[in-house]
K.L.:
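First the structure, then my questions, so here it is.
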Amino acid sequence: TTTTTTTTTITTTSSIRSNCLPDVAIAVDASGSVGAEDFHGIISFIQNLISELPVGQDLIRIANVMFHTKPKPQFNFTYPTNKRDIIDAFGQFPYPSNGGTAIGAALNYLTDDLFANTEKRDGHDQIVLLITDGKSQEADGFVENAAARLQEVVDEIIVVGITSSVDTQQLEAIATNPE
């Protein structure tokens, strides 16, 4: 059996300050269309990324939400507190293998719950890394409204689309400063 994976990345021009240690919320699409192989590839990518960053409570802080038909918060910026525990936590995420893609609900969770309940650290940007395999099954207006609300709260939204079924226009509407 041969599996082909296509990766599409929406690049952005960044407004992130080069000397800051941001809070990074990673939103991972765990909908049924992602598939177990791509889901585990996403998790491996995130673990490798985190292993290369200066992560810790006084450094870059990481939070995570997985989403499919609804957001499934995994951890916030205060727990776990060190790089090894964060990498291990990502490694323990099971792939649910069902559910639709609700990007707008995930964006609303980030705005209304995660960032609303996180005091912004002085001199630290707040960034969202959204990784998804396609198009939200919610109404376009709902997703665009959720994206606009989140863009008002955070400094940067970086969107990574995986597979050939991504809706590039929708992902560009979510990302800050898409090119």
K.L.:
To check you understand the geometry: which heavy-atom pair defines the closest contact between Gly104 and Ser136, and what is its length?
P.N.:
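In terms of heavy atoms, the two residues are closest at N-OG, 4.1 Å.
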
K.L.:
Is Gln126 reaching over with its side chain to a backbone N or O of Asp155, donor-acceptor style, under 3.5 angstrom?
P.N.:
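Looks like no, no N/O pair under 3.5 Å.
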
K.L.:
Going from CD1 on Ile62 to CD1 on Ile46, what distance comes out if it is rounded to the nearest 0.5 angstrom?
P.N.:
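It is 9.5 Å, given to the nearest 0.5 Å.
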
K.L.:
Enumerate the residue pairs fulfilling side chain to side chain donor-acceptor pair (under 3.5 Å) with a member in residues 45-63, sequence neighbours excluded, ordered by first and then second residue.
P.N.:
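Output for this query lists Asp23-Arg61.
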
K.L.:
Evaluate the side-chain proximity of Val143 to Gln170: yes if any heavy-atom separation is below 4.5 Å, no if none is.
P.N.:
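When only atoms from C-beta onward are counted, Val143 and Gln170 do touch, with a gap below 4.5 Å.
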
K.L.:
Could you grab the distance from atom CZ of Phe75 to atom CZ of Phe90, nearest 0.5 Å is fine?
P.N.:
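Answer for the CZ-CZ pair, Phe75 versus Phe90, is 4.0 Å.
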
K.L.:
Taking side chain as C-beta onward, heavy atoms only, is Tyr95 less than 4.5 Å from Ile42?
P.N.:
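A side-chain contact is absent here, since even the closest heavy-atom pair is not under 4.5 Å.
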
K.L.:
Applying side-chain contact (heavy atoms from CB on, under 4.5 Å), run through Gln151 and Val128 and close with a yes or a no.
P.N.:
CA-CA 10 Å; Gln151 290 167 356; Val128 171; over 6 Å; no

K.L.:
Are any non-hydrogen side-chain atoms of Ile50 and Lys83 less than 4.5 angstrom apart?
P.N.:
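Yes. Closest side-chain heavy atoms under 4.5 Å.
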
K.L.:
Start with the C-alpha distance between Leu129 and Val160, add both sets of side-chain angles, then the distance that settles side-chain contact (heavy atoms from CB on, under 4.5 Å), and finish with yes or no.
P.N.:
CA-CA 8 Å; Leu129 172 59; Val160 179; 3.9 Å; yes

K.L.:
Keeping the roles fixed (side chain from Glu138, backbone from Ile103), state whether a donor-acceptor pair exists under 3.5 Å.
P.N.:
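The answer is yes, because a donor-acceptor pair under 3.5 Å joins these two groups.
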
K.L.:
Going by the rule salt bridge (Lys or Arg N to Asp or Glu O under 4.0 Å), which residues pair with Lys72 if we only count those two or more places apart in sequence or in a different chain?
P.N.:
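Here no residue qualifies.
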
K.L.:
Which of these passes side-chain contact (heavy atoms from CB on, under 4.5 Å) with Asn64: Asn76, Leu114, Val24, Val28?
P.N.:
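Checked Asn76, Leu114, Val24, Val28 against Asn64; only one passes side-chain contact (heavy atoms from CB on, under 4.5 Å): Val28.
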
K.L.:
Can you confirm whether Phe67 sits close enough to Thr101 that some side-chain heavy atom of one is under 4.5 Å from a side-chain heavy atom of the other?
P.N.:
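Phe67 reaches Thr101 side chain to side chain.
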
K.L.:
For the atom pair CD1 (Ile157) and CG (Leu107), what is the distance rounded to the nearest 0.5 Å?
P.N.:
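It comes to 6.5 Å.
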
K.L.:
Report the distance from atom CD1 of Ile26 to atom CD1 of Ile43, rounding to the nearest 0.5 Å.
P.N.:
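These two atoms lie 9.0 Å from each other.
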
K.L.:
Using 0.5 Å steps for rounding, measure from the OG1 atom of Thr176 to the CD atom of Glu172.
P.N.:
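The CD atom of Glu172 is 12.5 Å from OG1 of Thr176, to the nearest 0.5 Å.
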
K.L.:
Could you give the distance from CD1 (Ile87) to OG (Ser44), rounded to the nearest 0.5 Å?
P.N.:
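The CD1 atom of Ile87 sits 10.5 Å away from the OG atom of Ser44.
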
K.L.:
Side chain of Glu144, backbone of Ala173: donor and acceptor closer than 3.5 Å?
P.N.:
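Between the backbone of Ala173 and the side chain of Glu144 there is no qualifying donor-acceptor contact (under 3.5 Å).
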
K.L.:
How would you list, by chain and number, every residue that makes a side chain to side chain contact (heavy atoms under 4.5 Å, CB included) with Ala148, sequence neighbours excluded?
P.N.:
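None.
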
K.L.:
Taking a hydrophobic cluster as the set of Ile, Leu, Val, Met, Phe, Trp and Tyr residues connected by side-chain heavy atoms closer than 4.5 Å, whether directly or through intermediates, do Phe142 and Leu130 fall within one such cluster?
P.N.:
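No.
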
K.L.:
Measure across Pro71 and Ala105 and return the closest heavy-atom pair with its distance rounded to 0.1 Å.
P.N.:
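Nearest heavy atoms, Pro71 then Ala105: CG-O, 3.6 Å.
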
K.L.:
Report yes or no: does Asp133 contribute a side-chain atom to a donor-acceptor pair with the main-chain N or O of Val34 at less than 3.5 Å?
P.N.:
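Answer holds: yes.
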
K.L.:
At their closest point, which heavy atom of Pro96 faces which heavy atom of Ala30, and how far apart are they?
P.N.:
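Shortest heavy-atom separation between Pro96 and Ala30 comes out as CG-O, 3.3 Å.
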
K.L.:
With sequence neighbours left out, what residues match Pro94 under side chain to side chain contact (heavy atoms under 4.5 Å, CB included)?
P.N.:
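Testing Pro94 for side chain to side chain contact (heavy atoms under 4.5 Å, CB included), a comparison that skips the adjacent residues, returns none.
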
K.L.:
Would you please name every residue forming a side chain to side chain contact (heavy atoms under 4.5 Å, CB included) with Thr69, sequence neighbours left out?
P.N.:
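Counting only residues at least two positions away or on another chain, Thr69 forms no side chain to side chain contact (heavy atoms under 4.5 Å, CB included).
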
K.L.:
For this output row, return yes or no: ring centroids of Phe115 and Phe77 closer than 6.0 angstrom.
P.N.:
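Yes, the ring centres sit under 6.0 Å apart.
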
K.L.:
Tell me, which pairs form a side chain to side chain donor-acceptor pair (under 3.5 Å) where one or both residues lie in residues 102-114, sequence neighbours left out?
P.N.:
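Only Asn108-Arg149, Asp112-Arg149 qualify under side chain to side chain donor-acceptor pair (under 3.5 Å).
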
